[in-house]
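Quantities reported herein were computed from a predicted structural model and do not represent experimental measurements.
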Amino acid sequence: MSAVSDRLPAFPWDKLEPYKKTAAAHPDGIVDLSVGTPVDPVPELIQKALVAAADSPGYPTVWGTPELRDAITGWIGRRLGARGVTHRHVLPVVGSKELVAWLPTQLGLGPGDRVAFPRLAYPTYEVGARLARAEPEAYDDPTELDPAGLKLLWLNSPSNPTGKVLGKQELTRIVAWAREHGVLVFSDECYIELGWEADPVSVLHPDVNGGSHQGLVAVHSLSKRSNLAGYRAAFLAGDPAVLGPLLEIRKHGGMMTSAPTQAAVVAALGDDTHVREQRERYAARRTALREALLAHGFRIEHSEASLYLWATRGESCWETVAHLAERGILVAPGDFYGPAGGEFVRVALTATDERVAAAVRRL
């Protein structure tokens with residue numbers, strides 16, 4: 001086992017434990033704005049769909065029910081503006097983190113292959129490369145990478161942690177470059193429903209890809225938009241030439257979403273009202289926290305989308321973490337997402353209205 005674990009970095013969240021204890025000692029309790037886990041209730045129509053499917057004694061299929069695939073393709077067309085999407089263009093997965101971590105392995109990548117991801121990024125992109133023994137590589141502009149040996153290019157828009165959004169022209173330029181060099185693009189779009197000062201666009205949009213999904217796969221999750229992090233519900237959409245072999249591999253690996261979860265996802269993707277309501281909650285929390293952080297002396301960069309504020313006081317991120325922990329507020333240090341985040345903290349919007357109000361008072 002050590003041969004595998006030794007390839008991986010230390011689990012970053014363990015380093016935050018002492019600061020969590022400090023914040024928890026606050027007389028009014030901790031305000032945890034670190035991990036970004038949803039705290040609001042699962043919408044009732046989704047809970048009802050889950051319960052109605054609870055009597056599911058048989059094995060679910062990895063590809064999902066036809067109803068699930070209909071729901072995914074319908075949402076992709078309605079929400080992302082994608083065209084020509086069929087069942088062959090979609091694949092349910094057991095939460096997006098599982099997919100990110102094991103994708104390089106499932107693609108058959110290994111020593112000598114390179115996996116690229118943004119310089120400030122979700123740490124699991126690097127973990128996935130290391131699990132496969134491939135070479136992880138961070139970039140500022142992916143089109144400046146050496147394409148030789150570059151087998152997988154991760155995009156992330158809106159970004160975790162910065163909230164930065166890649167515009168339509170930028171995405172079009174990157175997609176054209178990747179296709180020119182035969183580089184497979186996976187675009188992590190899990191926060192696409194949460195644009196505030198920008199309107200995020202998918203690589204599946206015909207204005208970006210010219211009407212072809214060749215060499216492109218988008219990753220989507222229901223964790224944030226529908227408060228379904230506990231359900232482990234996500235899906236891929238894009239090139240059937242990529243998704244077909246992945247489906248076969250995942251069949252052999254038994255990587256199947258539970259039948260009740262599949263039914264819940266059908267309900268979630270068919271209803272836009274609960275998404276608007278959740279956006280309004282996050283928008284109000286974002287406004288309150290943003291104003292309080294600015295008044296407290298922070299500078300906020302990017303953050304035009306997603307569930308986070310990317311904030312700095314021009315000091316070590318750990319000094320900022322300690323400063324806020326003394327006030328009972330726990331945030332994520334920016335260096336969790338790469339050395340370039342060394343002077344930033346990521347402040348999540350995922351706390352109740354009462355806890356957000358407490359944080360604002362303390363700031």
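Within a 6.0 Å radius of CG in D55, other residues, nucleotides and ligands contribute 12 heavy atoms or fewer. Within a 6.0 Å radius of CZ in R281, other residues, nucleotides and ligands contribute more than 12 heavy atoms. No more than 12 heavy atoms of other residues, nucleotides or ligands shown are found within 6.0 angstrom of CD on Q169. Under a cut-off of 6.0 angstrom, the local environment of CD in E44 is sparse, with at most 12 non-hydrogen atoms contributed by other residues, nucleotides or ligands. For W63, the CH2 atom counts as densely surrounded, since its 6.0 Å shell holds more than 12 non-hydrogen atoms of other residues, nucleotides or ligands. The environment of CD in Q214 is sparse: at most 12 heavy-atom neighbours from other residues, nucleotides or ligands sit within 6.0 Å.
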With a 3.5 Å cut-off and sequence neighbours excluded, list the donor-acceptor pairs that the side chains of residues 90-101 form with protein atoms.
from	atom 1	to	atom 2	distance (Å)
E98	OE1	V94	N	3.2
E98	OE1	R250	NH2	2.9
E98	OE2	R250	NH1	2.7
E98	OE2	R250	NH2	3.3

Which pairs would a plain distance check flag for residues 226-240, meaning a side-chain donor or acceptor within less than 3.5 Å of a matching protein atom at least two apart in sequence or in another chain?
from	atom 1	to	atom 2	distance (Å)
S226	OG	H274	NE2	2.8
N227	ND2	P41	O	3.1
N227	ND2	Q278	OE1	2.9
R232	NH1	A229	O	2.9
D239	OD1	A241	N	2.9
D239	OD2	G215	N	2.7

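Of the possible polar contacts, none joining the R119 side chain to the G338 backbone as a donor-acceptor pair under 3.5 Å is found. Not one N or O on the side chain of H181 forms a donor-acceptor pair closer than 3.5 Å with the backbone of V183. No side-chain donor-acceptor contact under 3.5 Å links D14 to the backbone of L16. Checking side-chain atoms of R225 against main-chain N and O of S221 turns up no donor-acceptor pair under 3.5 Å. In this structure a side-chain-to-backbone donor-acceptor pair under 3.5 Å is missing from S187 to E189. Judged purely by atom type and a 3.5 angstrom limit, E304 uses its side chain to pair as donor or acceptor with the backbone of V165. Within the 3.5 Å criterion, the main-chain N or O of A148 finds a donor-acceptor partner in the side chain of R114. Without hydrogens or angle criteria, R346 side chain to S34 main chain gives a donor-acceptor distance under 3.5 Å. The closest donor-acceptor contact from the side chain of R286 to the backbone of S303 lies under 3.5 Å.
Taking all atoms of both residues into account, the shortest heavy-atom contact from I46 to A268 is CD1-CB, 3.5 Å. Of all heavy-atom pairs spanning A53 and P260, the tightest one is O-CG, 3.5 Å. Residue P104 comes nearest to A132 through the heavy atom pair CB-CB, 3.8 Å, listed as atom of the first residue, atom of the second, then distance. Pairing each heavy atom of P333 with each of V345, the nearest pair is CA-CG1, 4.4 Å. Listed here is the closest heavy atom pair of G195 and P200: CA-CD, 3.8 Å. The two residues V201 and I192 make their nearest non-hydrogen contact at C-CD1, 3.9 Å.
A 4.5 Å side-chain heavy-atom check between T61 and M256 finds every atom pair outside the cut-off. Taking the side chain as every heavy atom from C-beta outward, T320 and T312 never approach each other to under 4.5 Å. Residues F344 and R299 are in side-chain contact: their nearest non-hydrogen atoms beyond the backbone lie under 4.5 Å apart. The closest side-chain heavy-atom distance from K151 to L184 is not below 4.5 Å. A 4.5 Å side-chain heavy-atom check between L363 and L324 finds at least one atom pair inside the cut-off. When side chains are defined from C-beta on, V115 does not count as touching Y125, because their heavy atoms never get closer than 4.5 Å. Taking the side chain as every heavy atom from C-beta outward, E137 and L150 never approach each other to under 4.5 Å. The shortest distance between side-chain heavy atoms of V356 and V31 does not fall below 4.5 Å.
Hydrophobic cluster membership differs between V62 and L68, with clusters built from Ile, Leu, Val, Met, Phe, Trp and Tyr side chains linked at under 4.5 angstrom. Hydrophobic cluster membership differs between W102 and V242, with clusters built from Ile, Leu, Val, Met, Phe, Trp and Tyr side chains linked at under 4.5 angstrom. Under a hydrophobic clustering in which Ile, Leu, Val, Met, Phe, Trp and Tyr are joined whenever their side-chain heavy atoms come within less than 4.5 Å, directly or via other members, L131 and M255 fall into different clusters. In the hydrophobic clustering of this structure, L293 groups with I30; members are Ile, Leu, Val, Met, Phe, Trp, Tyr whose side-chain heavy atoms approach within less than 4.5 Å, directly or through other members. At a threshold of 4.5 Å between side-chain heavy atoms, the hydrophobic network of Ile, Leu, Val, Met, Phe, Trp and Tyr places W310 and I300 in one connected group.
Summarising the geometry, atom CD belonging to Q262 is positioned 9.0 Å from atom OG belonging to S56; distances are rounded to the nearest 0.5 Å. Of the inter-residue distances, the one linking W318 atom CH2 with K15 atom NZ reads 5.0 Å to the nearest 0.5 angstrom. Atom CG of L103 and atom CG of L246 lie 6.0 Å apart (nearest 0.5 Å). The structure places CD of E277 at 11.0 Å from CG of D40, a figure rounded to the nearest 0.5 Å. Note that the CD atom of E301 and the CG atom of L120 stand 10.0 Å from one another [nearest 0.5 Å]. In this structure, L349 CG and L307 CG are separated by 5.5 Å, a value rounded to the nearest 0.5 Å.
In this structure, the ring of Y282 has its center no less than 6.0 angstrom from the ring center of W196.
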Could you go through the side-chain contact (heavy atoms from CB on, under 4.5 Å) check for V265 and W75 one step at a time?
CA-CA 11 Å; V265 171; W75 181 84; over 6 Å; no
Could you go step by step and tell me if Y191 and Y308 meet the ring-ring contact (aromatic ring centres under 6.0 Å, His included) rule?
CA-CA 10 Å; Y191 296 91; Y308 312 105; 5.6 Å; yes
What verdict does the side-chain contact (heavy atoms from CB on, under 4.5 Å) test give for V331 and V347, after you've listed the backbone C-alpha separation in whole Å, the side-chain angles of each residue and the deciding distance to 0.1 Å?
CA-CA 5 Å; V331 297; V347 183; 3.9 Å; yes
Using the side-chain contact (heavy atoms from CB on, under 4.5 Å) rule, take L216 and V208 through it: C-alpha gap first, then chi angles, then the decisive distance, then the call.
CA-CA 11 Å; L216 303 175; V208 171; 5.8 Å; no
Could you walk me through whether E291 and V360 pass the side-chain contact (heavy atoms from CB on, under 4.5 Å) test, one step at a time?
CA-CA 9 Å; E291 292 177 356; V360 168; over 6 Å; no
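Considering F117, Y122, F186, Y139 as possible partners of W154, the one that fulfils the ring pair (Phe, Tyr, Trp, His ring centres under 6.0 Å) test is F186.
Between D28 and R355 a salt bridge is recorded (basic side-chain N to carboxylate O distance below 4.0 Å).
Residue pairs meeting the side-chain hydrogen bond (donor to acceptor under 3.5 Å, both in side chains) criterion with at least one member in residues 79-88, sequence neighbours excluded, are R69-H87, D70-H87, R79-E193, T86-H89.
Side-chain atoms of R179 and N209 include no donor-acceptor pair closer than 3.5 Å.
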